[in-house]
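Atoms within a ligand are numbered from 1 in the order they appear, just like the ligands themselves. Just so you know, these numbers use all the heavy atoms, side chains as well, and skip hydrogens, waters and symmetry mates.
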Amino acid sequence: MKIVKAYKYKLKTNKNIEEKFRQIAGCCRFVYNLFLAQKIQEYRTDFVMPNYYDQAVQLPLLKEEYPWLKEAPSQVLQQALKDLEQAYKNFFRRVKSGGVPGFPKFRKKGVHDSFRYPQGIKIEGSRIYLPKAGWVSFHKSRSIQGEIKNVTVSESASGWYVSIQTEQDVPDVVHSSNTAVGVDVGVRVFAALSDGTTYMPVNNLKKLEKKLTKVQRDLSRKKKGSNNFKKNAKKLALMHERIKNTRMDYLHKVSTEISKNHAVVVLENLKISNMSRSAKGTVESPGENVKAKAGLNKSILNQGWGMFRNMIEYKTKHSGGNIILVDPRYTSQTCHNCGYTSKENRKTQSHFHCTVCGYELNADINAAKNILAVGLTVSACGAAASAAQ
Ligand SMILES: [Zn+2]
């Protein structure tokens with residue numbers, strides 16, 4: 001079995017190295033934006049959209065016109081073009097699934113500056129060789145295993161990081177457990193399992209978010225461009241990063257636990273677009289807590305669910321388990337006891353009370369039980385083989 005892993009380390013940079021990083025990131029941004037404009041323009045005039053290959057062949061010419069583009073390795077520029085291609089693919093996928101499309105955006109200077117090497121890098125001890133930037137030391141917190149597939153250098157509020165993606169052949173393992181579990185994800189309860197386990201949304205974020213609002217307010221009072229403004233902006237960016245990291249840690253913790261405990265995990269086949277729609281649905285229905293939360297950071301929540309699902313997926317597979325994806329329709333309105341399906345069964349967000357048989361349960365756990373039941377039915381029919389890919 002092949003497994004893909006990413007190792008992220010903080011780089012030990014200096015002014016000189018950072019300058020080179022910014023140059024390379026700038027070249028990538030330039031190429032990305034220029035070709036995005038080209039895609040838009042050609043589509044407007046001729047209704048054709050140049051693809052990656054159409055654009056990649058233009059790179060050498062572009063370098064003659066803008067010699068400073070040679071500051072960046074050719075392959076890194078090609079990767080920027082691949083990112084653009086991917087952004088378009090994502091866009092069309094969202095259009096097809098009826099979600100909020102979100103057209104590819106132009107990249108801005110200083111916002112998520114990053115670039116990716118598909119090859120040409122070397123690692124010696126805790127130093128990495130990045131073409132056109134040179135040798136850079138990094139904080140090696142754990143050893144790298146597998147064959148290096150690509151390397152991304154990115155800037156965040158706390159500095160520059162390198163993310164090394166590897167692929168490794170590992171022997172197939174047999175999962176140590178033999179249980180199956182259904183997982184329901186939501187806003188009020190982050191994840192509810194069919195065995196009755198619930199994971200609440202990570203709670204120390206509330207405090208952080210409160211502080212964040214305060215810093216944001218302070219920032220709006222400062223004069224733009226002043227030293228105080230810059231100091232505050234930096235503080236804000238660091239807080240955003242901390243919140244993101246806390247969230248990621250939590251997603252990792254919960255997904256590890258679930259994938260270790262169960263050999264088969266049944267998840268709703270939710271597209272992100274559906275997620276935002278259902279979040280909207282919950283806002284409209286009663287439930288104060290949900291209302292506030294969903295309004296707060298809907299997009300981040302959506303993103304979190306997507307990532308969470310991916311994590312469960314790869315972790316379960318790594319430990320020899322299986323994933324089954326099921327149609328999420330009606331799982332929240334159906335009585336797990338008698339099968340009766342109605343909105344009336346769920347007069348409140350948190351509680352499920354069947355109007356036919358009187359079955360009562362935490363609504364999210366009821367949904368998780370339905371998800372498991374659907375998953376096992378699908379599995380028994382053999383249709384899960386493709387779903388579990
Ligand atoms: Zn019932």
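Around the Zn ion (ligand 1), the protein atoms of type N, O or S that sit closer than 2.8 Å are Cys335 SG, Cys338 SG, Cys354 SG, Cys357 SG.
Under the ring pair (Phe, Tyr, Trp, His ring centres under 6.0 Å) criterion, the residue pairs touching residues 211-264 are Phe190-Tyr250, with sequence neighbours excluded.
No cation-pi contact links Lys140 to Tyr9, judged by a cut-off of 6.0 Å to the six-membered ring centre and 45° from its axis.
Salt bridge present: Asp113 and Arg29 bring a charged side-chain N and a carboxylate O closer than 4.0 Å. The pair Lys347-Glu344 meets the salt-bridge criterion, with a side-chain N (NZ, NE, NH1 or NH2) lying under 4.0 Å from an Asp/Glu carboxylate O.
A perpendicular orientation is assigned to the rings of Phe91 and Phe103, their planes being inclined by more than 60° (bins at 30° and 60°).
For the side-chain contact (heavy atoms from CB on, under 4.5 Å) test with Leu267, the passing option among Ile312, Val185, Asp184, Ile324 is Ile312; the others fail.
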